[in-house]
Amino acid sequence: MKIKWWPWGILTAISLVLLLFFVLYPLGVLFGNSITGQDGGFTLEGFKALLADSQYVEAFGNTLILGLTVTTCTVLVGVPFAYMVARYDFPLKNLVAILPVLTIVIPEIIVGQSWLLILGNNGLLTNLLGDAGISLPSFYGWTGMVFSMTLVYYTYIYLGVLAALRGFDGQLEEAGLSLGTPPFLTKLRVLVPVLLPAVLVNALVVFTLVVGNFALAMLLGSRVPLLSVMTYNTFVSEMGGSPTLQSAMSVVSIAIVAIVLFFQKRVVERKVYTMTQGRAPAAVRVRSWTALLYTSGVGLVILVSLLPLVVVFIAAFTKTSGPVMQWGQWSLASIQRALHGAPEPILNSLKFASLATLLGVAFAVLVSYLTIKKRSAFTQVLDYIVVLPLTISGTVLGIALVQTFNTGWLVLAGTSGIMVLCYTVRRLPFAVRNASSVLFNIPESIEEASISLGVSPLMTFFKVILPAMKASIISAAILMWLTTISELSASIVAYSGGLETMPIAIFRQVDGGRLGMASAYGAALVTVIVLPIIVSVKAFRIKLFSGK
């Protein structure tokens, strides 16, 4: 059988080579450095040093505990939240169902900074209650990390379980009730097993994000040793020296996620249930005090989740004196210093995010088309590699890219290229998944009809497929923009003088106690994140999280 290499075979090969070089190759270099000594020979000294270091062993345990704790908390918040939205009608339900999605696009650095402004040692609420004689426990450490990460990540559980509930066949519950089984026991035996795969899949996403979290862990972790923070600190201290220890720590971080992914996959495969086409149970209308309870309950969760958006703007226009926020006294000084005195982080963020969005979306459209419409053994490999960055923390990915492109024929470290590469590789999976959403609904006959009229396959792609993908391409571009411009964990490893972005500037300002400047950069960052959402919804009528 003759293989038609042009054009899709060639484009598949080019895409595969690019991913192998910029994704798999850096990871290979990272693994290689972890077992290579200073003399260039094989060694396990890096791993032995980690096992002998009591602080590292403690950080390993703390990371697992934090991951499991936050994941459990997100399940406890997200599952009941989704159940109430799916099964009950109550006042403001439509608004309640949409607002949690906004928490996904609030940068984690903004979340950490805002909660410090509220509950930190000099926080607004801390001082108010202190004046009233009420002393709050320190927000630094476990309390702050678990609280803030739960509010950031519960939306992943909420969205996954909500989708599963809406696809659940209500006749199964009716059958159980008709046999005389009590309602609670029916849900336990029928509903829970069907929802379990959705909970486990999204719980893994949350666990992965928590294990690799850098912004909140660094800002709020205080004296709690964690792998992500120790990996970054080791990288900074070993800059220019042997990469063995930082590489070994990075490999262990990857191994944690890989092991959890393996066991989760085994469990999910055994718990998958095939659902026949049916109708989800109708939502029950709740009234009086029950309606008030439901609305206030979910409303409180959403209010607390979105509070950072409000706080960062108020703080940006608040008068400051060093680390002290003089609440109630307004000033434009912080905004003026950020916009006129030190605008480089803002300009860098716009430049790097724009380039990464253009490159990422163009590549994502091609990859999604190849993996869905031109399936082969090679496109299956392509599909696997392109989502690989989702399972790797940003800090580890940044270290791998810096180690790989620091020497040799392609030196990107210290240039704008390394920042754009970090952004593109880190967030490419988001663009691919969003760009591919509409391709499943485009029939093959449309392409065949165009080709039968004498239009080449490549021109058919540009004239027929791309116009049909317009909505998902715009949605992918916006999501790529939102996630790249708020990127911190990978970029803080890769950046050097003159390449500072807004998230890095916020992190450095908070670390230096300059909360006014941090808030000014935070307000600018939120603005450039929110504006594309408004434009997409109003002008293009794009539903960001559905791809339609």
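Just so you know, these numbers use all the heavy atoms, side chains as well, and skip hydrogens, waters and symmetry mates. As the structure is a computational prediction, the values presented were derived from the model and not from experiment.
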Under the side chain to side chain contact (heavy atoms under 4.5 Å, CB included) test, residues paired with [X] that sit two or more places apart:
X      : answer
Val199 : Val75, Val79, Val161
Ala518 : Gln113, Ile506, Gln509, Val510
Tyr25  : Phe21, Val29, Thr404
Leu307 : Trp115, Ile118, Val311

Keeping the roles fixed (side chain from [X], backbone from [Y]), state whether a donor-acceptor pair exists under 3.5 Å.
X      : Y      : value
Asp53  : Ala49  : no
Thr126 : Gly120 : yes
Ser472 : Met469 : yes
Thr424 : Leu421 : no

Restricting to non-hydrogen atoms, name the atom on [X] and the atom on [Y] that form the minimum distance, rounded to 0.1 Å.
X      : Y      : value
Thr320 : Gly516 : CG2-CA, 3.6 Å
Ala523 : Ala316 : CB-CB, 3.9 Å
Leu226 : Ala217 : CD1-CB, 3.7 Å
Leu525 : Pro107 : CD2-CG, 3.8 Å
Asn406 : Val411 : O-CG1, 3.9 Å
Leu220 : Gly144 : CD1-O, 3.6 Å

Given side chains that start at C-beta, do those of [X] and [Y] come closer than 4.5 Å, heavy atoms only?
X      : Y      : answer
Val387 : Val432 : no
Tyr384 : Thr371 : no
Val425 : Val23  : yes
Ile65  : Trp142 : yes
Thr318 : Gln329 : no
Ser486 : Ile109 : no
Ser331 : Phe317 : no
Thr244 : Ser34  : no

Working to the nearest 0.5 angstrom, can you tell me the gap between [X] [atom1] and [Y] [atom2]?
X      : Y      : atom1 : atom2 : answer
Leu245 : Phe235 : CG    : CZ    : 13.0 Å
Cys73  : Leu151 : SG    : CG    : 10.0 Å
Ile504 : Thr501 : CD1   : OG1   : 3.5 Å
Leu136 : Leu129 : CG    : CG    : 5.0 Å
Leu30  : Ser253 : CG    : OG    : 9.5 Å
Ser491 : Phe214 : OG    : CZ    : 9.5 Å

### Task
Verify whether the ring centers belonging to Phe507 and Tyr521 lie closer than 6.0 Å.
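No - the distance between ring centres of Phe507 and Tyr521 does not fall below the 6.0 Å cut-off.
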### Message
Test: salt bridge (charged side-chain N to carboxylate O under 4.0 Å, His left out). Region: residues 224-234. Which pairs qualify, not counting sequence neighbours?
### Response
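For residues 224-234, and leaving out neighbouring residues, there are no salt bridge (charged side-chain N to carboxylate O under 4.0 Å, His left out) pairs at all.
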### Message
Other residues, nucleotides and ligands only: do more than 12 of their heavy atoms fall within 6.0 Å of CZ on Arg514?
### Response
yes
### Query
Can you tell me if CZ on Phe139 sees more than 12 non-hydrogen neighbours from other groups inside 6.0 Å?
yes
### Task
Kindly determine whether Ile106 and Leu306 satisfy side-chain contact (heavy atoms from CB on, under 4.5 Å), including the steps that lead there.
CA-CA 8 Å; Ile106 303 176; Leu306 298 179; 4.0 Å; yes
### Task
Determine, step by step, whether Phe430 and Thr484 satisfy the side-chain contact (heavy atoms from CB on, under 4.5 Å) criterion, reporting the C-alpha distance in whole Å, the side-chain angles of both residues, the deciding distance to 0.1 Å, and the verdict.
CA-CA 10 Å; Phe430 292 90; Thr484 53; over 6 Å; no
### Exercise: do Ser247 and Gln403 side chains pair donor with acceptor under 3.5 Å
yes
### Summary
Contacts satisfying side chain to side chain donor-acceptor pair (under 3.5 Å) that involve residues 56-82 (not counting sequence neighbours) are none
### Task
Any side chain to side chain donor-acceptor pair (under 3.5 Å) involving residues 299-311? Give me the pairs, sequence neighbours left out, ordered by first then second residue.
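Counting only pairs at least two positions apart or across chains, the side chain to side chain donor-acceptor pair (under 3.5 Å) contacts touching residues 299-311 are Tyr154-Ser305.
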### Query
When you look at Val77 and Ile157, which way does the side-chain contact (heavy atoms from CB on, under 4.5 Å) test go after all the steps?
CA-CA 8 Å; Val77 174; Ile157 304 293; over 6 Å; no
### Query
Who passes salt bridge (charged side-chain N to carboxylate O under 4.0 Å, His left out) against Glu487, sequence neighbours left out?
Arg426, Arg427
### Message
Before you tell me yes or no, could you show the steps for Leu227 and Thr395 under side-chain contact (heavy atoms from CB on, under 4.5 Å), namely the whole-Å CA-CA distance, both residues' side-chain angles and the distance that decides it to 0.1 Å?
### Response
CA-CA 10 Å; Leu227 278 181; Thr395 307; over 6 Å; no
### Query
With Ile385, which of Leu18, Leu20, Val367 fulfils side chain to side chain contact (heavy atoms under 4.5 Å, CB included)?
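Going through the options one by one, the only one that passes is Leu20.
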Donor-acceptor pairs under 3.5 angstrom involving side-chain atoms of residues 346-366: please list them, not counting sequence neighbours.
unit_1 : atom_1 : unit_2 : atom_2 : d
Asn348 : ND2    : Glu344 : O      : 3.3
Asn348 : ND2    : Gly498 : O      : 3.1
Asn348 : ND2    : Glu500 : O      : 2.9
Ser349 : OG     : Pro345 : O      : 3.1
Ser349 : OG     : Met502 : N      : 2.8
Ser354 : OG     : Leu350 : O      : 2.6
Thr357 : OG1    : Ala353 : O      : 2.7

Could you give the side-chain donor-acceptor pairs of residues 476-483 under 3.5 Å, partners two or more places apart or in another chain?
unit_1 : atom_1 : unit_2 : atom_2 : d
Trp481 : NE1    : Val528 : O      : 2.9
Thr483 : OG1    : Leu479 : O      : 2.8
Thr483 : OG1    : Met480 : O      : 3.2

### Query
What residues, two or more places apart in sequence or in another chain, satisfy side-chain hydrogen bond (donor to acceptor under 3.5 Å, both in side chains) together with Tyr153?
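Tyr153: side-chain hydrogen bond (donor to acceptor under 3.5 Å, both in side chains) contacts with Glu108, Asn213.
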### Message
Can you list everything that forms a ring-ring contact (aromatic ring centres under 6.0 Å, His included) with Tyr495? Sequence neighbours excluded, please.
### Response
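Scan of Tyr495 (ring-ring contact (aromatic ring centres under 6.0 Å, His included), adjacent residues dropped) gives none.
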